[in-house]
Chemist: 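Questions regarding the structure given below will be posed in turn.
Because the structure is a prediction, the values reported are computed rather than measured. All chains are named by letter (A, B, ...) in the order of the sequence lines, taking the proteins before the strands, and each is independently numbered beginning at 1.
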2 protein chains.
Amino acid sequence: MNKTIPSRKKHSVLPAPTIRRFPLYLSFLKSLKGKENVYVSAPDIAKTLRIDSTQITKDFSFIKVAGKTKVGYEINKLVQNIEKFLGYRDPKKAFIIGIGNLGTALIKYNQFSQEGLEIIAGFDIDTEKVGTRVISTKIYHIKNFKKRFNETPVEIGIITTPSEQAQIIADTIIECGIKAIWNFSASPISAPGTVIVENTSIDSGLAMIKWKLNAGRPLIYK
Amino acid sequence: MNKTIPSRKKHSVLPAPTIRRFPLYLSFLKSLKGKENVYVSAPDIAKTLRIDSTQITKDFSFIKVAGKTKVGYEINKLVQNIEKFLGYRDPKKAFIIGIGNLGTALIKYNQFSQEGLEIIAGFDIDTEKVGTRVISTKIYHIKNFKKRFNETPVEIGIITTPSEQAQIIADTIIECGIKAIWNFSASPISAPGTVIVENTSIDSGLAMIKWKLNAGRPLIYK
DNA sequence: AATCAATAAAGAAATTTTTCTTTAAAAGAA
DNA sequence: TTCTTTTAAAGAAAAATTTCTTTATTGATT
C-alpha cells in the first residue's frame, strides 16, 4: 500500500527521457545553424551527443519530422518542430522565490524568454532586496505573494530558497493555487498530486558524478 | 551503427535513478532529525516524497540498511549509510569555469563541503573578476587553467559558462586530463568516452514542466 | 545502368526500472 | 496468549526505455 499517486505519466505518449533530451538536441542543432549544412544525420548527432543513433531517430519520430534516407534531417525543420513541441511559442508565467545567487542567475538567464518562460516577479524575505530589481524584474516581500498572485496569476513557482524554507514556501504558493513548482532547493517538496513538481537537484547531479568517478564500485571505509 | 560508447553503466549494480534519489532521501531524513522519532518507515517517506514505498525499500536494500518490521528504518543509520554511499567522506576536488551568477552560487553553495566536493579555484575570462575571490575561492584567468591544474590536479571541472564557450572550455580541460565534467551550460558537450560528463540542464527541467503543464497533450499551433 | 554505402524507419528483442504480490516478522491490542 | 495490523523483504510481474535487427530508400560511385 501507499502507492505513488497515479501520475500524469499515463497520459504521456512519449517517454520522459525523450522530453528531457529535446533541449539537448535543440542546443546542438542551433550550434549547427549558420554553417553551410542544411541536413544533419542521426549518426552525426549521435557522435557528439553520445546517444545511440536509433534512439535519436525514435525521439524525432515522436515530433513528426521525417528524415531523408542517406541525407538526414533538415536542420531548420527539426529546430522548428522541437521548439513547437517544447512550447516555445506558448509562454508560461512564473514567480521566483529566493533572490540569492541562483535566483538572480535564473532571472538573468536570457534563454528563458525564447523558451516560453516569463519570470515576472521575484520574492524574498530580505528587506534589503525588496524593492530592488534584477534587470527589469521587481523583487517583492514574500508576504505580498498572495496579493501579487491574485493580481497576476502565474502557472509556475520557482523555488530557489535555502532547503529549510522550501516546504513553507511551497505550502504558501500551493495554497494560492500555483499549478507547478520548479524546485531548485536540495530538499524534496511535499505537494498534493494535483500540483506538478519538478526538482532540479544539484545534489543528484553530484551524486551521479561521484558514483561514476568511483566507477560504480561501492566505497570502502575504515 | 554508431552505437553509444559502452558506458560505465555496466559496472553499475544499482540503477542510476536510485543513485539520483539518494540525495532526496537524505535531505528528507535530515529534516526528520532532531525530532523525537528514531525510526521512519518506507510508507511514511513515500507519502511526502511521492515515491512508491516498495521502491524506497528496494533503494535502501542496495546500501545494506536493514529495516525493522512494523517499525521502519533507523534514521541515523540510514543517514550514515547514504552519506557513506554517496562518498561524503571521500572528497573530490573541482575547478569551476565561468564566474557568473550561477558559478558564484555554486561556489557559495555551502552544502558541497559536507558532500565531499571542494571547489578549490574559479576561472573566468573577465579581467574584472580575475584576482578577486568568491568567499575564499580565488578566481584566475582561464588562460592559467593548465598551469593551475598541473600544480593542483582536480578530478572535476564544473562548467558554468555561456553555451557558446562550453565546448571550447571542455576541450581545454579534457586536454589537461580532467576526469569528469559537470556541465551546467545549456549545450551538450562532446567528450571522449573516457571522460565522465554529467549535464545539469536547466532547460531539460523546463521542458518537463511545460510538458506536464500541457498534460502530455501535443501543443496545437495555428 | 548497376552496384555500393549510408541512412531512416519500423518493429523485435533486450534491458532496465518500477510496481505488484506474497511472505514473514513483530508490535500492539484484545 | 492470540489476533490484528503494519511493515520489510524478496521475488515475480509489468511497464518503460533502450538497443538491436531488418528492410527499404536514395544518393553517390563505378
Side-chain angles (χ1 to χ4, degrees), chain A residues 1-22 24-25 37-47 49-75 77-78 81 193 204 208 211 216, chain B residues 1-22 24-25 37-47 49-75 77-78 81 193 204 208 211 216:
Chain A
M1 39 236 63
N2 223 322
K3 314 283 167 61
T4 305
I5 290 112
S7 70
R8 289 149 191 270
K9 232 176 177 179
K10 303 286 165 191
H11 298 222
S12 171
V13 278
L14 84 177
T18 297
I19 297 168
R20 292 186 192 280
R21 277 189 295 267
F22 277 131
L24 233 59
Y25 294 142
N37 287 352
V38 177
Y39 292 93
V40 65
S41 73
D44 274 0
I45 303 176
K47 211 172 282 174
L49 265 55
R50 287 212 241 166
I51 296 174
D52 186 276
S53 72
T54 61
Q55 174 139 82
I56 295 172
T57 304
K58 201 149 279 185
D59 285 347
F60 289 172
S61 76
F62 286 118
I63 51 166
K64 317 280 179 225
V65 222
K68 220 170 163 182
T69 302
K70 197 72 201 288
V71 173
Y73 297 87
E74 202 182 314
I75 297 172
K77 212 174 188 178
L78 265 183
N81 282 37
S204 290
M208 207 58 212
W211 170 257
Chain B
M1 37 230 63
N2 222 319
K3 313 283 167 60
T4 305
I5 291 110
S7 69
R8 288 150 192 270
K9 232 179 175 178
K10 302 286 165 194
H11 297 222
S12 171
V13 278
L14 85 177
T18 296
I19 297 167
R20 292 186 193 279
R21 278 190 295 266
F22 277 131
L24 232 61
Y25 294 142
N37 286 352
V38 176
Y39 292 93
V40 65
S41 72
D44 274 359
I45 303 176
K47 210 172 284 175
L49 265 55
R50 290 213 239 163
I51 295 173
D52 186 276
S53 71
T54 61
Q55 175 138 79
I56 295 172
T57 303
K58 201 148 280 185
D59 285 346
F60 289 171
S61 76
F62 287 117
I63 51 166
K64 317 280 179 227
V65 222
K68 220 170 164 182
T69 303
K70 197 72 201 290
V71 173
Y73 297 86
E74 203 182 315
I75 297 172
K77 211 175 190 177
L78 265 183
N81 283 37
S204 290
M208 207 59 212
W211 169 259

Chemist: Run the side chain to side chain donor-acceptor pair (under 3.5 Å) test against A/S204 and tell me which residues pass, sequence neighbours left out.
Modeler: A/S201
Chemist: Just compare D/dC20, D/dA9, D/dT7 and give me whichever is closest to any side-chain atom of B/S41.
Modeler: D/dT7
Chemist: How long is the line joining CG of A/D44 and P of C/dT7, in whole Å?
Modeler: 6 Å
Chemist: Name all residues meeting the side-chain contact (heavy atoms from CB on, under 4.5 Å) criterion together with B/I63; count only those two or more places apart in sequence or in a different chain, and write none if there are none.
Modeler: B/F22, B/V65, B/N81, B/I82, B/F85
Chemist: Which nucleotide, C/dT7, D/dT17, C/dC20, lies nearest any side-chain atom of A/P43?
Modeler: C/dT7
Chemist: Does some side-chain heavy atom of B/L14 sit less than 4.5 Å from a side-chain heavy atom of B/I19?
Modeler: yes
Chemist: May I have the distance from A/L14 (atom CG) to D/dA15 (atom P), rounded to whole angstrom?
Modeler: 19 Å
Chemist: Can you tell me the distance, in whole Å, between the CG atom of B/D52 and the C1' atom of D/dA15?
Modeler: 13 Å
Chemist: Report yes if some heavy atom in the side chain of A/I45 is under 4.5 Å from a heavy atom in the side chain of A/V40; otherwise report no.
Modeler: yes
Chemist: Please give, in whole Å, the distance from D/dA8 C1' to B/E74 CD?
Modeler: 15 Å
Chemist: Quick check for you: to the nearest 0.5 Å, what is the distance between B/S53 atom OG and B/I56 atom CD1?
Modeler: 6.5 Å
Chemist: Rounded to the nearest Å, what distance is computed from the CZ atom of residue B/R50 to the P atom of nucleotide C/dT18?
Modeler: 16 Å
Chemist: Can you measure B/I19 atom CD1 to C/dT17 atom C1' for me and round it to whole angstrom units?
Modeler: 13 Å
Chemist: Measure CZ/B/R20 against C1'/C/dT18 and give the value in whole Å, please.
Modeler: 17 Å
Chemist: So how far is it from A/L24 CG to A/R50 CZ, rounded to the nearest 0.5 Å?
Modeler: 12.0 Å
Chemist: Counting only heavy atoms and a strict 4.0 angstrom limit, can you tell me which residues of residues 57-67 of chain B come near DNA chain C?
Modeler: B/K58
Chemist: Please pick, from D/dA8, D/dT17, C/dT18, the nucleotide with the shortest atom-to-atom distance to any side-chain atom of B/Q55.
Modeler: C/dT18
Chemist: Give every residue pair that meets the side chain to side chain donor-acceptor pair (under 3.5 Å) criterion with at least one member in residues 59-74 of chain B, sequence neighbours excluded.
Modeler: B/T18-B/D59, B/R21-B/D59, B/Y25-B/D59
Chemist: Less than 4.5 Å apart, any side-chain heavy atom of B/I75 and any of B/Y39?
Modeler: no
Chemist: Each nucleotide in nucleotides 23-30 of chain C should get exactly one letter: B, S or -. Can you fill that in based on protein heavy atoms under 4.0 Å?
Modeler: --BBB---
Chemist: Using OP1 and OP2 only, check whether a side-chain N or O of B/Y39 sits under 4.0 Å from D/dA8.
Modeler: no
Chemist: Expressed as a whole number of angstroms, how long is the span from A/I56:CD1 to C/dT7:P?
Modeler: 12 Å
